[in-house]
2 protein chains.
Amino acid sequence: MINVLLVDDQPLLRMGFRLVLETQPDIAVVGEAGDGAEAVAQVAALAPDVVLMDVRMPGMDGLEATERITRDHAGSRVLILTTFDLDEYAFAALHAGAAGFLLKNVQPAEMIAGIRTVAAGDGVVAPRLTRVLIETFTRLNRARTGSADDPRLDRLTDREREVLIEMAKGLSNAEIATELGLSEATVKTHVSRILPKLGLRDRVQAVVLAYQTGLLRPP
Amino acid sequence: MINVLLVDDQPLLRMGFRLVLETQPDIAVVGEAGDGAEAVAQVAALAPDVVLMDVRMPGMDGLEATERITRDHAGSRVLILTTFDLDEYAFAALHAGAAGFLLKNVQPAEMIAGIRTVAAGDGVVAPRLTRVLIETFTRLNRARTGSADDPRLDRLTDREREVLIEMAKGLSNAEIATELGLSEATVKTHVSRILPKLGLRDRVQAVVLAYQTGLLRPP
DNA sequence: GTAGCCGTACATCGGCCGGTGGACCTTCGC
DNA sequence: GCGAAGGTCCACCGGCCGATGTACGGCTAC
């Protein structure tokens, strides 16, 4: 049995949801709340499996409530249900820890399926948002994995790229020499070839370039 | 009317899909393919709205086919349909440009809904994966927005932090002086205070730290 | 084969950098 | 009122850096 808490500032809407959900034998509406603060209190008292949460509410809004609930009551999972396709709300909601994000114009069957999905520990996102999520994900991941290569880097030889990477770790020429098993003179030669090729003044700018192109990335 | 191309190396499975899909008045199966190469050719010939794509196939697999299709035929959107919850396939598929990713054990109704969603330009992802996608998204985004502050940075004064940021952009002391309206001597003083506070040897390492702590981030 | 690129290595020189020590001023807290 | 902390400025010195020129062996391509 999935215990659900309804959170919305419109009593009529809560009533509608309750009627829809109670047609399902495996779903029970165990409580209601009219704002964020009340929602947090209800979650603490009732420990529902799923919280059906509106975003825009007087007082504490749904996002802050979601953040508190997911932080303090990991057992309860939050499914955001909001009016329109407000992307900023969506991303904020996911950051706040929501397990799902649906629009209020979904079919009842989809909403019910979403509740079951969230209760099972999985995630559900409105189709329009799923697309944005995928795009953002691939873009971020591409930036991380460093396929945003600067064309200038292609002009470097393999060895030069190696030296550049060591340089970008903050090593001195002598340290790079030790690291790569070279003489310091050789490293200096490489460095003196790398910088003009990349149009840079000194190794400091080389580090900047290395991070900005994704040649190196924050760990 | 949504034109669909079926891609799977098992003819029986294609037959099953075709029977299911043809119960829908707004969906038409316009072609089939048994491997990736054939799929690419069929997409070029038929320009279907949606490609229902298997991953594991002899010859060119579904991922490479997806990559080519989304690159060369932006009008056709690919919905990956694979056997089990292979996360690595999922992420690779999204990177390859897939608009959706479902498991073959979905209900027919969900698959049909997924096809409509993808045809409408939106995205659809299996619930289990949606969760991972959300987690990855929030994690990546958090890393980007730089909440991974190093406690050492707290020991810097406001002005020192300012100088550090300029330094991390690759500027020389003289340039920082101009930028902040100071004398070069002052900048040198700040730098000489910053480095020991952070336990660093030179400004190169300061740049590394700035990027690794998220004080600066790739654009 | 020979011209060219790459990788290795050296010497020298000017310049920026970083350390040290000192100085003055403002702001804040006791 | 006065010390502490932050911010601004200066001079000097040693050191690493980057530029320049030069050199040699290996490999590839023509």
Side-chain angles (χ1 to χ4, degrees), chain A residues 146 149-216 218, chain B residues 146 149-216 218:
Chain A
D149 274 0
D150 193 295
R152 285 178 288 177
L153 291 178
D154 298 339
R155 308 236 293 272
L156 298 182
T157 68
D158 292 345
R159 199 53 159 168
E160 286 165 355
R161 223 184 318 274
E162 263 184 279
V163 173
L164 174 59
I165 290 172
E166 296 305 316
M167 186 162 43
K169 291 178 185 169
L171 302 187
S172 69
N173 288 336
E175 287 166 344
I176 297 173
T178 305
E179 197 67 28
L180 298 182
L182 299 175
S183 84
E184 187 181 344
T186 303
V187 176
K188 290 180 75 168
T189 304
H190 285 309
V191 171
S192 287
R193 292 218 183 94
I194 292 170
L195 296 180
K197 276 190 184 182
L198 299 179
L200 304 176
R201 191 202 327 142
D202 52 37
R203 63 206 296 113
V204 184
Q205 297 187 337
V207 182
V208 175
L209 183 86
Y211 277 100
Q212 287 188 346
T213 59
L215 187 66
L216 280 178
Chain B
D149 273 359
D150 193 296
R152 286 178 289 176
L153 291 179
D154 298 339
R155 307 236 293 272
L156 299 181
T157 67
D158 292 345
R159 199 54 160 168
E160 284 166 355
R161 219 183 323 271
E162 263 184 277
V163 172
L164 173 59
I165 289 173
E166 297 304 315
M167 186 162 42
K169 291 179 185 169
L171 303 187
S172 69
N173 288 336
E175 287 166 343
I176 297 174
T178 304
E179 198 66 31
L180 298 182
L182 300 175
S183 84
E184 188 180 344
T186 304
V187 176
K188 291 181 73 170
T189 304
H190 285 309
V191 172
S192 288
R193 291 220 182 91
I194 292 169
L195 296 179
K197 277 190 183 180
L198 300 179
L200 305 176
R201 190 200 330 140
D202 52 36
R203 63 203 299 112
V204 184
Q205 298 187 336
V207 182
V208 175
L209 184 86
Y211 276 101
Q212 288 188 345
T213 59
L215 187 66
L216 280 177

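Values below: every heavy atom of this structure, side chains too, minus hydrogens, waters and symmetry copies. On a predicted model such as this, the values are computed, not experimentally measured, just so you know.
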One should read off an interatomic distance between A:Leu180 CG and A:Ile165 CD1, to the nearest 0.5 angstrom, of 10.0 Å
Self-check item: N or O in side chain of A:Thr189 less than 4.0 angstrom from C:dA9 OP1/OP2
Solution: no
On DNA chain C, more 5' by nearest nucleotide between B:Arg203 and A:Arg193 is A:Arg193
query = Can you find a side-chain donor-acceptor pair between B:Thr186 and B:Ser183 that sits under 3.5 Å?
reply = yes
All heavy atoms of B:Met167 vs all of B:Ala206, minimum pair found to be CE-CB, 4.1 Å
CD of B:Glu160 to CZ of B:Arg193, rounded to nearest 0.5 Å, is 6.5 Å
- prompt: Within the structure, does a side-chain N or O atom of B:His190 lie under 4.0 Å from either OP1 or OP2 of D:dT8?
  reply: yes
For B:Pro196 and B:Val191 the tightest heavy-atom approach is CD-O, 4.4 Å
Of all heavy-atom pairs linking B:Leu182 and B:His190, the shortest is CD1-CD2, 4.4 Å
Per-helix bend value, the helix from C:dG1-D:dC30 to C:dC30-D:dG1, C1' rotation axes over five pairs per end, 10° rounding, shows 40°
Here the pair of heavy atoms bringing B:Gly170 nearest to B:Glu175 is O-OE1, 4.3 Å
In this structure, CG of B:Leu171 is separated from OG1 of B:Thr178 (nearest 0.5 Å) by 9.5 Å
- Item | Under-4.0 Å salt bridge between B:Glu166 and B:Arg203 | no
Salt bridge (Lys or Arg N to Asp or Glu O under 4.0 Å) filter on B:Glu162, not counting sequence neighbours, yields B:Arg159
What's touching nucleotides 26-30 of chain C from the protein side, N or O pairs under 3.5 Å?
none

Here the residues of residues 175-188 of chain A within 4.0 Å heavy-atom distance, strictly under, of DNA chain C are A:Leu182, A:Ser183, A:Ala185, A:Thr186
When rounded to whole Å, the CG to C1' distance for the pair A:Asp158 and C:dC6 reads 10 Å
In whole angstroms, the gap separating P of D:dG7 from CD1 of B:Ile194 amounts to 10 Å
| So, does A:Gln212 use its side chain to make a donor-acceptor pair with the main chain of A:Leu209 at under 3.5 Å? | no
Taken in chain and number order and not counting sequence neighbours, the residues that satisfy salt bridge (Lys or Arg N to Asp or Glu O under 4.0 Å) with B:Arg161 are B:Asp158
Which of D:dC17, D:dG18, C:dG18 is nearest the side chain of A:Ser192? It is D:dG18
The residue among A:Leu200, A:Val207, A:Asp202 that forms side chain to side chain contact (heavy atoms under 4.5 Å, CB included) with A:Val204 is A:Asp202
Separation of C:dG18 atom P from B:Gln205 atom CD, nearest Å, is 10 Å
**OP:** Would you classify B:Thr157 as touching base, sugar-phosphate or nothing, given that sugar-phosphate means primed atoms plus P, OP1 and OP2, and contacts are heavy atoms under 4.0 Å?
**Re:** sugar-phosphate
Rounded to whole Å, CG of B:Asp202 lies from C1' of C:dG19 at a distance of 13 Å
Atom CG of B:Leu200 and atom C1' of C:dG18 are separated, to the nearest Å, by 13 Å
Under a 4.0 Å heavy-atom cutoff, the residues of residues 159-168 of chain A touching DNA chain D are none
Rounded to the nearest 0.5 Å, the NZ atom of B:Lys197 sits from the OG atom of B:Ser192 at a distance of 12.0 Å
